[in-house]
Amino acid sequence: MAENDNFFEKVYEVAGQIPYGRVTSYGAIAKYLGAARSARMVGWAMNGAGNMEDVPAHRVVNKAGLLTGKHHFKGTNLMQQLLESEGIKVKANQIQDLDRYFWDPWKELGESD
DNA sequence: AGCCTGACTCGGC
DNA sequence: AGCCGAGCCAGGC
């Protein structure tokens, strides 16, 4: 039952398509789904995605590159370690050179609309 | 049924 | 350039 029609499922799909060593923002995903103002819902969806290995929630940060959701992971700094493990530089719970690692679904996947 | 909170973002000062 | 307030949608109490 892949309810791809659900907002949450869409979030999981997009997040699951984030390539290794890349990150994106909640707003980018939300906007890609047509809910630019519902970035919070993306984060809320991530709450359930955190249990999914197919959904690298650690690759999803806020627009500022801050690891806002790191507190929701198992460990205290698990999220940061995962990002650093992928070659992403993280400092003070914030991704360095975010522009270099940023992955925009709208740009990469393209809405083709 | 109503109010508060929350893994966000933007605009104004 | 940094801080504050408002907007947004959905879930929890």
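For clarity, every value in this text was computed on a predicted model and none was experimentally measured. Every chain is numbered from 1 and lettered A, B, ... according to where its sequence line falls, protein lines coming before strand lines.
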(request) Specify the residues of residues 82-98 of chain A, ordered by number, for which at least one heavy atom lies under 4.0 angstrom from an atom of DNA chain B. (result) none
(message) Quick check: is Y101(A) connected to V60(A) through a chain of hydrophobic side chains (ILVMFWY, heavy atoms under 4.5 Å apart)?
(response) no
(request) Grab the OH-P distance between Y12(A) and dA7(B) for me, whole Å please. (result) 15 Å
(message) Counting the atoms with a prime plus P, OP1 and OP2 as sugar-phosphate, which does A64(A) contact under 4.0 Å by heavy atoms, base, sugar-phosphate, or nothing?
(response) nothing
(request) Specify the separation, in whole Å, of atom NE2 of H72(A) and atom P of dA7(B). (result) 4 Å
(request) To the nearest 0.5 angstrom, please state how far the NE2 atom of H58(A) sits from the CD atom of Q80(A). (result) 12.5 Å
(request) Assess whether atom CG of D97(A) is packed by more than 12 heavy atoms of other residues, nucleotides or ligands within 6.0 Å. (result) yes
(message) Would you say NZ of K31(A) has more than 12 non-hydrogen atoms from neighbouring residues, nucleotides or ligands within 6.0 angstrom?
(response) no
(message) Tell me the interatomic distance from R59(A), atom CZ, to dA7(B), atom P, rounded to whole angstroms.
(response) 22 Å
(request) Nearest 0.5 Å please: distance from the NE2 atom of H72(A) over to the CE atom of M46(A). (result) 12.5 Å
(request) Report, as a single string ordered 5' to 3', how protein heavy atoms within less than 4.0 Å touch nucleotides 8-13 of chain C: B base, S sugar-phosphate only, - not at all. (result) BBSS--
(message) If I take atom NE2 in residue H58(A) and atom P in nucleotide dA7(B), what distance separates them, rounded to the nearest angstrom?
(response) 19 Å
(message) I'd like to know if E108(A) and R22(A) make a salt bridge, using a cut-off of under 4.0 Å between side-chain N and carboxylate O.
(response) no
(message) Please report the distance, rounded to the nearest Å, between NZ in K63(A) and C1' in dC10(B).
(response) 10 Å
(request) Mind checking the CG-CZ spacing from L82(A) to F73(A)? Nearest 0.5 Å is all I need. (result) 6.5 Å
(request) Enter the distance from K70(A):NZ to N77(A):CG here, rounded to the nearest 0.5 Å. (result) 5.0 Å
(request) Return the value, rounded to whole Å, for the distance between atom NZ of K31(A) and atom C1' of dG7(C). (result) 16 Å
(message) Within this structure, what is the CG-OG1 distance for the pair N62(A) and T24(A), rounded to the nearest 0.5 Å?
(response) 11.0 Å
(message) Can you measure N62(A) atom CG to dC8(B) atom P for me and round it to whole angstrom units?
(response) 7 Å
